**Q** 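Okay, here's the structure, questions in a sec.
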Amino acid sequence: HQNHTTAGEIGFRYVVDALMNNGRSDVLLDMLSRTDPPSYGNQLAIGATSLTETWDAEPTSSQDHLMLGDAEEWFYHGLGGINVDLARQDASRIVLSPAVLAPMRWVRTHYDSALGPIESDWECGPSHTVYNFMIPANAKATIKLKTADPHAVTVNGVELSNAAGVLSWEISEDAVVIVVSTGQYQIRTANPRQE
């Protein structure tokens, strides 16, 4: 359907979850950026200043409705990559795995969790992406990032092996997984190769 949604209020949440959980934030970005109906962009194009009750912003329907608001989860969970599971312990409780998507250049996310404030920001340049993360007091987090060169990743300006607050790390062919303690971290990676 050319990345138009075909789901209603009940089903759209599951479309968002399925696309995020399967690494298809690119499809979500296209769905949310469309300006032809049915889409969020079309609601804006015809003058909506809040979410409407229907995808086509039918004027006889509610023009200030929480329905269809599930895309907001993608802003935090997908683009910001903030995932909190209070049922888990240690570093598996907070997982940060932002989706860096062209043509977006930057994202800023802040979430006041039960553990304290969490921030996940990124800015994508021509060859590198710079991430800024804030982990709340008395917490640990696992940070998962895609990169073209996992061995060139720096944390607060130094190599992984010398970075304060880094508890452990794993390197694969195209990604790095870093476990960190409480604090603020600026992580620089080479942009992933585009296919």
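Because the structure is predicted, anything quoted here is derived from the model rather than measured.
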**Q** Looking at OH of Y76 and NE2 of H110, how far apart are the two atoms once the value is rounded to the nearest 0.5 Å?
**A** 9.0 Å

**Q** Any side-chain heavy atom of M31 sitting closer than 4.5 Å to one from V15?
**A** yes

**Q** Is the backbone of V158 close enough, under 3.5 Å, to the side chain of N162 for a donor and an acceptor to pair up by distance?
**A** no

**Q** Hydrophobic clusters here meaning ILVMFWY residues chained together by side-chain heavy-atom distances under 4.5 Å, can you tell me if L79 and Y111 are in one?
**A** yes

**Q** Looking only at side-chain N and O atoms, does Q186 offer a donor or acceptor that is under 3.5 Å from a partner on N156?
**A** no

**Q** Quick check on the hydrophobic clustering: are F75 and F12 connected, directly or via other members, by side-chain heavy-atom contacts under 4.5 Å?
**A** yes

**Q** Donor-acceptor pair, N42 side chain versus D36 backbone, under 3.5 Å?
**A** no

**Q** Is it the case that over 12 heavy atoms from other parts of the model lie below 6.0 angstrom from the CG atom of N138?
**A** no

**Q** Let me confirm one number: the OG-OH distance from S120 to Y131, rounded to the nearest 0.5 Å.
**A** 9.0 Å

**Q** For A163 and V155, which heavy atoms make the closest approach, and how far apart are they?
**A** CB-CB, 3.6 Å

**Q** On a heavy-atom basis, which atom in L115 and which in P136 lie closest, and how many Å separate them?
**A** O-CB, 3.4 Å

**Q** Checking D30 against N3: is there a side-chain donor and acceptor pair closer than 3.5 Å?
**A** yes

**Q** Is there side-chain contact between C124 and W106, with heavy atoms separated by less than 4.5 Å?
**A** no

**Q** So K140 and L167, do their side chains get closer than 4.5 Å, heavy atoms only?
**A** yes

**Q** Same cluster or not: M104 versus I82, using hydrophobic residues (I, L, V, M, F, W, Y) connected whenever any side-chain heavy atoms lie under 4.5 Å apart?
**A** yes

**Q** For P98 versus W122, what's the shortest heavy-atom pair and its separation?
**A** CB-CD1, 3.7 Å

**Q** With a sphere of 6.0 Å drawn around CZ of R34, does it hold more than 12 non-hydrogen atoms of other residues, nucleotides or ligands?
**A** yes

**Q** Under 4.5 Å between any side-chain heavy atoms of T54 and S62, yes or no?
**A** no

**Q** If you look at every heavy atom in L51 and G69, which pair is closest and at what distance?
**A** CD1-CA, 3.4 Å

**Q** Report the distance from atom NE2 of H128 to atom OG1 of T189, rounding to the nearest 0.5 Å.
**A** 7.5 Å

**Q** With no hydrogens and no angle check, do the side chains of T52 and Q63 hold a donor and an acceptor under 3.5 Å apart?
**A** no

**Q** For L29 versus P103, what's the shortest heavy-atom pair and its separation?
**A** CD2-CD, 4.1 Å

**Q** Could you check if a side-chain atom of I118 sits within less than 4.5 angstrom of a side-chain atom of T109, using non-hydrogen atoms only?
**A** no

**Q** Can you tell me if S127 and N191 form a side-chain donor-acceptor pair at under 3.5 Å?
**A** no

**Q** Using a strict 4.0 Å threshold on nitrogen-to-oxygen distance, state whether R108 and E123 make a salt bridge.
**A** yes

**Q** What's the separation between atom OG in S25 and atom CG in L101, rounded to the nearest 0.5 Å?
**A** 5.5 Å

**Q** Using a strict cut-off of less than 4.0 Å between a Lys/Arg side-chain nitrogen and an Asp/Glu carboxylate oxygen, indicate whether R24 and D26 qualify as a salt bridge.
**A** yes

**Q** Between I171 and H151, is a side chain to side chain contact (heavy atoms under 4.5 Å, CB included) present by the stated rule, with each step listed?
**A** CA-CA 8 Å; I171 294 175; H151 298 283; 3.9 Å; yes

**Q** Keeping the roles fixed (side chain from D85, backbone from A87), state whether a donor-acceptor pair exists under 3.5 Å.
**A** yes

**Q** Distance check, rounded to the nearest 0.5 Å: R13 atom CZ versus E73 atom CD?
**A** 6.5 Å

**Q** Determine, using the 4.5 Å side-chain heavy-atom cutoff (strictly less than), whether M20 and V95 are members of one ILVMFWY cluster.
**A** no

**Q** Decide whether V179 and V153 are clustered together by the hydrophobic rule: side chain heavy atoms of Ile, Leu, Val, Met, Phe, Trp, Tyr closer than 4.5 Å, transitively.
**A** no

**Q** Could you grab the distance from atom OG1 of T142 to atom CD of E170, nearest 0.5 Å is fine?
**A** 9.0 Å

**Q** Taking R188 for its side chain and T154 for its backbone only, find out whether a donor-acceptor pair lies under 3.5 Å.
**A** no

**Q** Taking the side chain as every heavy atom from C-beta outward, state whether D70 and Y14 have any pair of such atoms under 4.5 Å apart.
**A** no

**Q** Tell me, do F133 and I187 make a side-chain contact under 4.5 Å, heavy atoms counted?
**A** yes

**Q** For a 4.5 angstrom cut-off between non-hydrogen side-chain atoms, does H1 reach T6?
**A** yes

